[in-house]
Amino acid sequence: MINWNEIETKWRNKWSESKDFETNPNDKPKKFITVAYPYPNSPQHIGHGRTYTLADVHARFYRMQGYNVLFPMGFHYTGTPVLGMAKRIEKGEKEILDGLRNIYHVPEEDIKTFVEPIKIADYFHEEIKSGMIEMGYSIDWRREFTTIVPGYQKFIEWQITTLKENGRIIQGSHPVGWCPKDQNPVSQHDTMGDVEPKIDDKNFLVKFKFGEFVFPITTLRPETIFGITNLWVNPNTVYKKVTVDHETWIISEECAHKIEFFEKDVSIIGDIPGTELIGKSAVSLHNNAEIPILPADFVEPSMGTGLVMSVPAHAPKDYQALMDLKAKNHEIASKIEPIPIIVTEGYGAIPAKDICEKLGVSDQADSKLEEATKELYLKEFTDGKLNEKCGQFNNEKVQFGRDKVRVWLQENKHLEKFPVLENSPVRCRCGAECVVKILNNQWFLNYGDESWKELARNCFDEMNILPSNIKTEFIEVIDWLHERACARQQGLGTKLPWDKDWIVESLSDSVIYMAYYTISRFVNDGTVQPENLTREFFDYVLLDKGDVALAASTSKLSEDVINTMKKEFQYFYPVDSRHSGRDLVQNHLSFFVLNHVAIFEKKYWPQEIVVNGSVMMDGAKMSKSMGNIIPLRTAIKDHGADPIRLAIISSAELLQDADFNMESVSGIQSKLASLLDECSRLKNEPVSELQAEDRWILSKTQRMISQVTEAVEKMRLREALHDILFSFESDLSWYAKRVEAKERDNVSGILHQINSARVAMLSPFAPHIAEEMWEKLGNNELVSKSSWPAYSKEDVDATSIQSENFLKSTIDDIANILKVTKITPKKIVLYVNSDSAKSKIYRKMLSIMVGGQNNMGVVMKELIADPETADAKKMPDFVQKTIKDLHSESEEIKQMKLESESFDEKEFLKSELFSIGKKEFGVEIQVYSESNSDIYDPKGKARHARPFKPAILIE
RNA sequence: GCGGGAGUCGCCCAGCCUGGUCAAAGGCGUAGGGCUUAGGACCCUAUAUCUCAGGAUUUCGUGGGUUCAAAUCCCACCUCCCGCACCA
């Protein structure tokens, strides 16, 4: 049994002694590999490990290919989650404390300090970092930073100022979920049950006049104002007269409390019962029509303003309420007829009537109305068209017309936004019910700007996206992205330089920070102090703006230091590969590109993005509530870092979700153990004369090298690993079979050569155990410092590949016959083709078919056209069968057959088939030429022989 | 609604990018055999259908198309899953 941790510690120490991963500029070509830094509010689990492991493999691969690779790491402290955690811990909430104790095994004395948010981040920072070291990540730790250190904050101030000056930042109002008690915005982390407060900002308020008052009514469908027949008021509700800024509104009390958070001046000045409104009329502002006010029980004071506009032609509820009144012979209602304004295929003049009848709605209390409403709204939205009643909007499709009507009303001040909580009630952890608050003066990154989007598209066009099929998703994201708030009022982070009430939002301060890795080294070693990092300094170093004298005078640094830092930035930038999880495509990764193109010149735009899927645990999503989260460090202790690295990589290709399970881990462990065992037994002896199977396995090795290299270049790591560890195994076992049959004992040198290549290629994936194997193979240097095996075409022997193939297929054929006939062979005889006419035709056909032609008629014509092969017409049967043979062979094999000129089937079979045949079938195999005069051929099989397809006789 | 992804031989799942070595890998299950006092573990064999000579037939959600050749490329359809923001 292998002691993984012991081996891992041994090699980790050697790496850190040799400082191989500490990267400074030199004269080699560079690669700059980065991963999204972690947010330290919990230890990393196996899922986090995936992205970092992929990046580490990438970095190690490039290093072996001779690049000077920079692979750094930082920690993202910015944000609010640790604030919420600290609060909950302070309150002693059992759920979170149990999680810390039982899942994360945080020592009690540390938990005590967690009432302070930064202590939480600090603790998990160290935890995560230790895990990364134990996983063997080849990180340059000298450049590490957190996002709240002064140097980084200087950088963020510079970034956000630059964006503002480039016109990328605008100001506006924005609705957020809000806790009225805490006076804070709420996000998922702040609510009971971790629900995300969802804000519906497609909800609007349309104003009507009622004498001196404003009668505001909310709706999701502004276009239906053209179909209003009346308004609904609840007769059992007492409404309030409320002054709102300079108007007096009639609304429900509940509504009055909601709009207090809309940055409006609100005060309740009196009551007015619903009954007092009923029977009177309001006036609609867009056409000054008199709209009667009628009673309806379904109107809920807590919904919207507590007032409802009635569109009976298109709203099932309104239709039914109207019908109910008519049935009671209500005087006003009986004069009202629905006004249809939307034409939808499949519905008659009054769609609401149709659907109520279809579903058999009985009255306005009928629960089927919900369903009717949902169905009709959706149908009318997707398929409906506005009609002539809608004036200038006649013939517009509803899905576009709605927006146009909204804009029109808004411009005339007849309509306002009325955002609501879609999933209310949402409760804050403090217990209070959350509301929607409109924040004025919010700062936005103007991602909606078309010229900005265009720059980003240019960048994506030239960027390498892995896997490539996710590129369309990026393009789509850029299309729908619009203004995004870039500041918030709480949490850790950097203050907006021009408005200290706000903190730079945490996704906005993590988009171009890779540039800071080239600077942090100098801050960490004391060469520069945070206060040296002035705007002019960054402008000069990162943008090549201004001049060194200016930078030096404001930063108080020497010109030498500044120029060294500038050179370092210019050496490492741009980012060559950015690794991240799939969930970050829609935000971080897109912002990463947008911010780069907004700030840097084109030569510093990112070169590549690699996106990976998440990790499942035994087929299920990992979650705290399921208790199936395995902290990475626990897993390392239990199974070893390398087996975990391989298990994560080998279970899925990049974008797919990887499934982590114990079977695969132990499978990998035993695979690695047996490879290690093999390596320690192989001697690096000189290789004597090569035999057929030696040339073959060496050719196959070359093929594997080229396949693996290509796969890693495309980050198809699962495929690469599979090739190294598993696919190649079947070739090796065939080789072993051949060697054993021949009773050879001098192949150690060849296997040593092959396994050296395998171990070298394995080392980026499983770096520790590969070092151990490398040492066992007799090397003194580290494998991580060795070169990636190079594919050499000269070592590929086409003839040997072809001949081994021939041997295998012959043996398969024999086995096949034995299987079908179920006889035990006493004698096996092969008849090899020796008819030169057949051979000529075969070669000719080969050349025709390599060109892509497979049609019997065409092939035949070409054969007959050539006098050399004209005899083909006498044996159509042979031609047809041969076409079939060749048909099923790969292009590669066909090509090789063509390349290898003459090949003596009989000699080859005689020398090679003897041993293996005897081993496989227990009898000696005799080989004849079909044309031999003295052959043993009692059944006349010999004449069936075709090139590369000997006839077989079994008795 | 907008966008992304998936549907494979009892089950899970590979192959699809780059068409031919694909009746299609691997695991599980099942059946038979070996090893065992027995069980477990382990090993071997079989596992679409037909076939006593290396063969044939029908298969990769459905229906078309391109091609000498389609699980793989194109089009349409059906079913299922995921994301839609100010949150890391």
Side-chain angles (χ1 to χ4, degrees), chain A residues 36-41 76 78-82 174-177 185-190 196-199 202 378 381-382 399 439 442-445 447 467-470 472-477 479-488 491 505-508 510 582-588 590-591 613-614 619 651-653 655-657 659 661 663-664 667 710 714 716 718-719 722 726-727 730 805 808-810 812-823 849 852-859 883-884 886-894 939 941 944 949-954:
Chain A
Y37 48 24
Y39 182 79
N41 68 335
H76 195 200
T78 320
T80 52
V82 285
H174 185 68
V176 294
V186 284
S187 64
Q188 191 176 346
H189 312 284
D190 310 313
E196 175 84 34
K198 285 202 167 186
I199 293 166
K202 297 262 181 293
L378 185 62
F381 179 72
T382 52
Q399 39 184 314
L439 292 177
Q442 168 67 287
W443 296 96
F444 294 93
L445 280 162
Y447 291 143
S468 56
N469 55 10
I470 203 159
T472 51
E473 200 170 327
F474 275 111
I475 298 298
E476 184 58 34
V477 172
D479 277 348
W480 65 250
L481 222 47
H482 52 82
E483 305 77 43
R484 186 187 170 94
C486 63
R488 53 182 303 159
E505 185 269 330
S506 46
L507 286 188
S508 307
S510 60
R582 153 152 234 170
D583 49 335
L584 299 185
V585 167
Q586 307 200 350
N587 42 55
H588 168 77
S590 295
F591 303 159
S614 62
S651 69
E653 213 51 89
L655 207 51
Q656 293 173 329
D657 291 341
D659 186 30
N661 54 61
E663 292 95 277
S664 63
E710 197 189 323
K714 292 185 183 160
R716 302 171 64 116
R718 189 181 79 120
E719 188 179 308
H722 203 263
F726 302 104
S727 306
S730 68
N805 243 35
K808 268 201 243 182
S809 75
T810 306
D812 281 350
D813 282 349
I814 296 172
N816 228 325
I817 296 170
L818 291 175
K819 181 184 148 195
V820 178
T821 58
K822 301 189 180 89
I823 54 178
M849 290 179 70
Q853 184 52 258
N854 282 6
N855 183 294
M856 170 82 182
V858 178
V859 172
I883 285 179
K884 243 185 159 174
L886 292 175
H887 211 75
S888 59
E889 276 175 4
S890 69
E891 214 51 42
E892 193 189 355
I893 293 284
K894 277 187 255 185
K939 291 198 178 158
K941 294 277 183 195
H944 294 299
K949 201 83 181 161
I952 301 167
L953 170 71
I954 300 176

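What you see is a predicted model, and the numbers here were worked out from it, not measured in a lab. Residue numbers begin at 1 in each chain, while the letters A, B, ... track the order of the sequences.
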Select base, sugar-phosphate, or nothing to describe what [X] touches, counting heavy atoms under 4.0 Å on all strands.
X	answer
A/Ile814	nothing
A/Pro175	nothing
A/His588	nothing

Go through the structure and list residues passing side-chain contact (heavy atoms from CB on, under 4.5 Å) with [X], not counting sequence neighbours.
X	value
A/Glu473	A/Ile470, A/Arg582, A/Val585, A/Gln586
A/Arg718	A/Glu653
A/Tyr39	A/Asn41, A/Pro81, A/Val82

For [X] and [N], give me the distance from atom [atom1] to atom [atom2], rounded to whole Å.
X	N	atom1	atom2	value
A/Trp443	B/C86	CH2	C1'	17 Å
A/Asp479	B/G3	CG	P	10 Å
A/Glu476	B/G3	CD	P	6 Å
A/Asp813	B/G54	CG	P	10 Å
A/Glu505	B/C86	CD	C1'	6 Å
A/Leu481	B/G3	CG	C1'	13 Å

(request) Using salt bridge (Lys or Arg N to Asp or Glu O under 4.0 Å) as the criterion, list what pairs up with A/Glu476, not counting sequence neighbours. (result) none
Just the atom pairs and distances: protein N or O near nucleotides 72-74 of chain B's N or O, under 3.5 Å.
none

Please tell me if [X] has a side-chain N or O lying less than 4.0 Å from either OP1 or OP2 of [N].
X	N	result
A/Arg582	B/G3	no
A/Arg488	B/C87	yes
A/Ser508	B/C86	no

Quick one: which protein N/O atoms are closer than 3.5 Å to N/O atoms of nucleotides 17-19 of chain B? Pair and distance per line, please.
{"from": "B/C17", "atom 1": "O2", "to": "A/Arg716", "atom 2": "NH1", "distance (Å)": "2.7"}
{"from": "B/C17", "atom 1": "N3", "to": "A/Arg716", "atom 2": "NH1", "distance (Å)": "2.4"}
{"from": "B/C17", "atom 1": "N3", "to": "A/Arg716", "atom 2": "NH2", "distance (Å)": "3.0"}
{"from": "B/C17", "atom 1": "N4", "to": "A/Arg716", "atom 2": "NH2", "distance (Å)": "3.0"}
{"from": "B/U18", "atom 1": "O4", "to": "A/Lys714", "atom 2": "NZ", "distance (Å)": "3.4"}

(request) Starting at CD1 of A/Ile952, measure out to OG1 of A/Thr810 and round the result to the nearest 0.5 Å. (result) 7.0 Å
(message) Please compare A/Ile470 and A/Trp480 by the position of their nearest nucleotide in RNA chain B and report the one closer to 5'.
(response) A/Ile470
